[in-house]
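Right, one structure below, let's go through it.
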Amino acid sequence: MKTLTVFTTLLAVSAAKKCIVKPKANANAGESSEPDNVLSTDEDSNDEPSNNGNEPTDNDRAELVEKARAEGKLPSDFKWGAATAAYQVEGAWKEDGRGESVWDHFTHLYPHNVETGRPGNEDSISGNVACDSYHKFDEDIKMMKIMKANHYRFSISWSRLFPDGQAKKEEGKWNVNEKGVEYYNSVINKLIENDITPLATLYHWDLPYALHEKYGGWLDYHSQYDFANYAEFCFEAFGDRVKNWITINEPWVNCVSGYRLGPGKAPYRCTGEAPRKLANETEGLDLQGGCSYEIGPSQYSPESEVLEANRPPQRLEDVWCSHNILLAHAQAVKVYREKFQKEQKGLIGITIDGEAQIPWIEPGMSEEQKKINEEYANLAAEFRIGWYSDPPVTGDYPQSVKERMGKDLPEFTEEQKAMLKGSSSDFLGWNTYTAHWAAPVEGQTPPTPEEANFENSKRDMWDDNCRGRGDGWTCIPPTLGSQAGSSWNTKYPPTIRVGLNWFSKRYEGLINNGIVITENGCAQPNYKVSRANDEVTKAYFESINQPEYADTYDEDMIEREDNLNGTLIHDTYRIDWYKGYLENLRLAFVEDKIDVRGYMAWSLVDNYEWENGYETRFGMTYIDFYNDPELTRVPKDSLTFLGEWAQANIQDF
Ligand code: PNW
């Protein structure tokens with residue numbers, strides 16, 4: 001294994017010396033009988049009496065943090081666990097009254113959009129069965145135990161609770177699918193019985209299909225109200241036990257991949273680039289892809305006219321999806337704060353994704369050029385991350401995004417800004433996987449106010465790990481870090497530290513309970529994607545004196561389906577990944593004094609990796625999806641490694 005060097009040369013690492021959080025008074029656990037499972041909120045800070053002896057006070061926490069830092073460890077209240085999402089693991093897609101989600105609908109309608117699978121076997125290209133966690137959740141808990149998880153992040157399937165997506169309470173009674181409620185009650189109760197704190201995501205991409213058909217789903221302004229009603233039900237039904245809520249998972253991926261980038265993610269609208277073509281590059285299915293025209297009559301805004309059904313994808317659908325989904329997040333938080341939080345004493349926030357942006361460096365580069373690249377890295381981060389993380393923290397889009405997008409960016413009203421502001425101030429969830437380089441594009445100038453629009457907004461900057469030379473699926477080198485098993489999934493551990501510093505500096509004093517890493521992990525490298533860039537990557541990292549990031553791998557490190565007892569279970573590449581990222585997280589906490597409060601590894605089990613199907617394995621647990629009807633859980637070495645890491649690096653663990 002490589003020795004990790006402290007990452008000192010790149011963006012912002014040394015800049016932020018302060019915590020973002022000066023935690024406000026920590027409140028009492030009230031009447032709860034599970035103090036470990038209860039977290040305080042900012043709102044509680046004026047409550048009296050402030051402490052019943054079960055919960056740490058402000059000073060207690062400061063002490064705990066200081067003590068941990070002195071020992072070079074994470075604090076004892078660190079949230080440690082793994083993550084999954086409903087559609088990727090549950091299966092049981094039409095059992096017990098569950099309604100269709102967009103993923104059910106579109107995988108069945110466009111099987112060719114999924115890259116791997118067994119021809120003719122519908123279950124191999126969809127989440128119909130997946131890990132069957134609907135019936136095998138006890139087995140999943142056993143895996144959590146191996147990694148010594150004290151938290152588990154799962155998501156709730158909206159259409160399992162409300163098959164048509166529309167939650168209504170009439171005369172005190174919800175129109176809910178009781179079987180769905182039973183299932184989530186059992187998940188939550190089993191976790192708590194096992195001393196694992198539930199961290200529930202309300203939306204992980206599986207929009208009820210009925211809402212897509214009715215009004216175009218997230219394209220419609222009214223989606224926010226349907227989401228808030230569904231959220232309200234969840235708070236009411238589960239909030240006595242769930243004290244950690246994530247509203248939306250990765251609005252960027254949901255909207256950009258689902259509504260612009262082609263047939264990658266349901267609902268497979270491609271408003272921008274040409275559909276990807278993978279034919280001949282994969283075994284199994286031919287990937288022909290396809291783009292969906294399906295949609296119901298839809299409104300883009302409260303004022304706009306009703307658009308015709310089944311219209312071709314329109315320009316800016318991803319931008320409008322993003323706008324509406326951010327509002328949906330804020331509406332749900334409003335409901336929680338107004339009706340539940342005081343009594344339930346939980347925390348709520350959003351999970352955003354996005355690569356930290358690393359200023360491009362080259363041997364012999366001038367200080368001036370480095371500075372320019374740093375500026376562009378920040379600009380790129382404002383577009384990639386701030387677009388989604390600013391509104392729920394500061395109440396509006398970043399200034400740079402507004403200026404460069406011009407009229408193409410919808411505006412929030414004053415009322416909406418007030419509702420958004422602080423809606424992720426309890427904590428901010430960040431999914432982090434990889435990093436992108438950033439620098440200006442030579443010869444390009446920023447758009448003038450007259451030229452400001454979606455197409456021009458980024459014309460003078462690149463923020464791509466393919467250095468702007470990507471060609472659909474294949475990333476042309478140099479990539480940033482070694483290539484794991486998805487095209488975008490490259491290993492560059494300092495990215496987590498760079499990103500944590502970026503958030504910390506940007507939102508200083510605005511987030512009360514820190515940042516939680518809600519996903520981080522890698523797919524097993526395979527021949528298809530891991531080899532192409534090795535030599536170029538190696539040469540590049542050597543040229544900038546970072547040879548440790550130029551890892552190319554030996555034959556025996558490459559995981560193959562036919563090597564079940566070898567690399568698939570002895571997943572050294574994945575262990576190396578976790579080692580690197582966790583070390584950088586530890587350094588961000590101990591040395592940079594960043595308030596990072598949790599880490600959820602993606603993923604507990606191999607699962608349905610969306611358009612990649614079942615052959616892209618992110619899990620720390622192996623499942624033989626094609627041959628084993630029992631879907632037996634087989635722990636990989638990384639699962640044990642994580643448990644050992646936690647024991648060594650979290651205080652009093
Ligand atoms: C996340 N990217 O998605 C999701 O939250 C998970 O459901 C998913 O399984 C996991 O990461 C692994 O893919 C991402 O292109 C998808 O940078 C794409 C990107 C990042 C995250």
Side-chain angles (χ1 to χ4, degrees), residues 82-90 101-103 114-116 127 130-131 133 153-157 199 201-207 246-258 260-262 264-266 273 276 318 325 350-357 380-381 383-385 387-388 429-437 463-466 470 472-475 479-481 483-492 495-496 499 516-525 529 574 577 581 600-621:
T84 59
Y87 189 71
Q88 296 181 271
V89 300
E90 280 180 8
S101 75
V102 290
W103 272 94
V114 179
E115 291 160 4
T116 59
C131 310
S133 291
R153 178 178 174 227
F154 64 98
S155 84
I156 297 176
S157 155
L199 169 47
T201 305
L202 292 167
Y203 177 76
H204 200 122
W205 307 350
D206 46 357
L207 187 81
I246 290 167
T247 51
I248 303 285
N249 179 68
E250 300 191 350
W252 183 89
V253 175
N254 180 81
C255 293
V256 175
S257 298
R260 172 154 63 89
L261 286 188
K265 289 196 163 61
E273 291 139 48
R276 261 188 347 223
D318 55 323
I325 212 169
I350 193 168
T351 273
I352 48 112
D353 62 292
E355 305 79 21
Q357 303 287 329
F383 267 77
R384 179 64 180 86
I385 302 173
W387 188 318
Y388 296 89
W430 182 38
N431 291 352
T432 175
Y433 287 89
T434 187
H436 279 187
W437 294 118
D463 61 331
D464 200 331
N465 64 342
C466 304
W473 180 253
T474 312
C475 186
T479 56
L480 193 49
Q483 182 81 55
S486 271
S487 61
W488 53 270
N489 192 212
T490 54
K491 167 146 75 71
Y492 190 67
T495 194
I496 194 170
V516 177
I517 302 296
T518 39
E519 284 179 32
N520 173 242
C522 70
Q524 90 293 356
V529 287
R574 184 172 288 104
W577 174 293
Y581 279 76
M600 302 297 129
W602 185 272
S603 178
L604 183 70
V605 281
D606 286 340
N607 57 49
Y608 177 66
E609 179 53 16
W610 309 110
E611 72 273 28
N612 298 131
Y614 289 98
E615 289 163 41
T616 299
R617 297 176 173 278
F618 273 87
M620 299 164 306
T621 303

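Both counts, for ligands and for their atoms, begin at 1 and track the order of listing.
At a 4.0 Å cut-off, at least one heavy atom of Asn249 sits close enough to ligand 1 to count as contact.
A 4.5 Å side-chain heavy-atom check between Glu609 and Glu615 finds every atom pair outside the cut-off. Annotation: side chain of Val89 is not in contact with side chain of Tyr87 (no heavy-atom distance under 4.5 Å).
Thr616 and Ser486 share no donor-acceptor pair across their side chains, judged by distance under 3.5 Å alone. For Thr518 and Thr351, the side-chain atoms include at least one donor-acceptor pair closer than 3.5 Å.
Here is the list of ligand 1 atoms found below 4.0 Å of a heavy atom in Phe618: 12 (C), 13 (O). Distances below 4.0 Å separate heavy atoms of Trp602 from the following atoms of ligand 1: 6 (C), 7 (O), 8 (C), 9 (O), 10 (C), 12 (C). Counting atoms of ligand 1 from 1 in the listed order, those under 4.0 Å from a heavy atom of His204 are 4 (C), 5 (O), 6 (C), 7 (O).
In terms of N/O distances under 3.5 Å, ligand 1 is not approached by Thr434. Considering backbone and side-chain atoms alike, Trp252 places every N or O at 3.5 Å or more from each N or O of ligand 1.
Protein heavy atom in closest approach to atom 11 (O) of ligand 1: Tyr433 OH, 3.0 Å. Protein heavy atom at the shortest distance from atom 14 (C) of ligand 1 is Glu250 OE1, 3.4 Å. When only non-hydrogen protein atoms are considered, atom 5 (O) of ligand 1 lies nearest to Glu519 OE2, 2.8 Å. Nearest protein neighbour of atom 12 (C) of ligand 1, counting heavy atoms only, is Glu609 OE2, 3.3 Å. Scanning the protein for heavy atoms near atom 16 (C) of ligand 1, the closest one is Trp488 CZ2, 3.9 Å. Atom 17 (O) of ligand 1 has as its closest protein heavy atom Glu355 OE2, 3.2 Å.
Between Glu519 and Arg153 there is a salt bridge, since at least one side-chain N of the basic residue sits less than 4.0 Å from a carboxylate O of the acidic one.
Using bins of under 30°, 30° to 60° and over 60° for the plane-to-plane angle, the ring pair Trp610/Tyr608 lands in the perpendicular bin.
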Test ring-ring contact (aromatic ring centres under 6.0 Å, His included) on Trp488 and Tyr433; report intermediate values, then the result. CA-CA 9 Å; Trp488 53 270; Tyr433 287 89; 5.2 Å; yes
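How far OG of Ser157 is from OH of Tyr203: 11.0 Å, rounded to the nearest 0.5 Å.
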